[in-house]
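Beneath this line is the structure, given in structure tokens, with notes to follow.
Just so you know, these numbers come straight off a predicted model, no measurement behind them.
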Amino acid sequence: MDEKIVLTDESGETITLYAVEETRVAGVNYLLAAEEEGDGSCLILRDVSSPEETEAIYEIVEDEDELDYLFHIFKELVGEIDLEY
């Protein structure tokens with residue numbers, strides 16, 4: 001996947017991430033994103049936008065149980081890539 005995405009935080013600062021993989025769990029879309037292309041450290045983002053939104057709105061998943069669960073799903077999806085969160 002490795003598409004470049006640009007996020008804007010609450011203070012208006014932009015953050016560029018690389019979308020590594022995406023999945024849908026229990027009706028919610030999640031995105032695995034890395035700060036640098038090919039970097040092993042990553043963030044898991046949850047799509048919180050409503051269906052009528054024209055652009056996706058993501059928030060960082062911070063709950064440890066949810067992160068662990070999603071991390072294992074993404075690890076299966078991306079295979080041989082060494083991931084850290």
Side-chain angles (χ1 to χ4, degrees):
M1 181 174 227
D2 284 333
E3 297 175 26
K4 193 183 288 190
I5 59 173
V6 178
L7 303 175
T8 305
D9 67 14
E10 295 161 350
S11 65
E13 297 287 323
T14 59
I15 304 164
T16 301
L17 299 172
Y18 293 89
V20 177
E21 187 63 69
E22 64 182 319
T23 193
R24 186 171 181 87
V25 177
V28 178
N29 291 326
Y30 292 92
L31 183 67
L32 177 69
E35 292 181 27
E36 295 181 26
E37 195 170 20
D39 188 0
S41 61
C42 60
L43 297 170
I44 297 177
L45 307 171
R46 178 188 314 109
D47 185 348
V48 295
S49 56
S50 62
E52 57 274 350
E53 299 275 355
T54 58
E55 293 186 12
I57 300 171
Y58 289 100
E59 66 180 21
I60 297 171
V61 175
E62 295 180 358
D63 178 75
E64 288 297 320
D65 292 333
E66 186 178 12
L67 271 174
D68 286 339
Y69 177 75
L70 292 167
F71 178 76
H72 291 294
I73 291 171
F74 279 118
K75 188 99 167 142
E76 288 292 319
L77 290 172
V78 297
E80 72 280 350
I81 296 175
D82 186 27
L83 298 175
E84 300 172 18
Y85 70 94

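- Counting all heavy atoms, side chain and backbone alike, Ala56 lies closest to Ser49 at CA-OG, 3.7 Å.
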- Message: As a quick check of understanding, evaluate side-chain hydrogen bond (donor to acceptor under 3.5 Å, both in side chains) for Glu13 and Ser11, giving each step before the final call.
- Response: CA-CA 6 Å; Glu13 297 287 323; Ser11 65; 4.9 Å; no
- Apply side chain to side chain contact (heavy atoms under 4.5 Å, CB included) to the pair Tyr69 and Val25, showing each step before the final yes or no. CA-CA 10 Å; Tyr69 177 75; Val25 177; 3.8 Å; yes
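- In Glu10, the CD atom is not crowded: 12 or fewer heavy atoms of neighbouring residues, nucleotides or ligands sit closer than 6.0 Å.
- In this structure, Glu21 CD and Leu31 CG are separated by 9.0 Å, a value rounded to the nearest 0.5 Å.
- For Tyr58, there are no side chain to side chain donor-acceptor pair (under 3.5 Å) partners two or more places apart in sequence or in a different chain.
- Note: the hydrophobic cluster containing Phe74 also contains Val28 (ILVMFWY, side chain heavy atoms under 4.5 Å, direct or indirect links).
- Residues Ile5 and Ile60 fall within the same hydrophobic cluster, defined by Ile, Leu, Val, Met, Phe, Trp and Tyr side chains chained together at heavy-atom separations under 4.5 Å.
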- Please lay out, stage by stage, how Leu17 and Ile15 fare under the test side chain to side chain contact (heavy atoms under 4.5 Å, CB included). CA-CA 6 Å; Leu17 299 172; Ile15 304 164; 4.0 Å; yes
- Decide side chain to side chain contact (heavy atoms under 4.5 Å, CB included) for Val20 and Val78; before the verdict, give the C-alpha distance in whole Å, the side-chain angles of both, and the deciding distance to 0.1 Å. CA-CA 8 Å; Val20 177; Val78 297; 4.0 Å; yes
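- Distance CD/Glu66 to CD1/Ile44: 8.5 Å, rounded to 0.5 Å.
- Other residues, nucleotides and ligands place more than 12 heavy atoms under 6.0 Å from the CD atom of Glu53.
- Nearest heavy atom pair, residue Leu67 against residue Glu62, reads CD1-O, 4.0 Å.
- Val48 and Val61 end up in different hydrophobic clusters when Ile, Leu, Val, Met, Phe, Trp and Tyr side chains are linked at under 4.5 Å.
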- Could you go through the side chain to side chain contact (heavy atoms under 4.5 Å, CB included) check for Leu45 and Leu7 one step at a time? CA-CA 11 Å; Leu45 307 171; Leu7 303 175; 3.9 Å; yes
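- The shortest non-hydrogen separation linking Leu77 to Glu22 is CD1-O, 4.3 Å.
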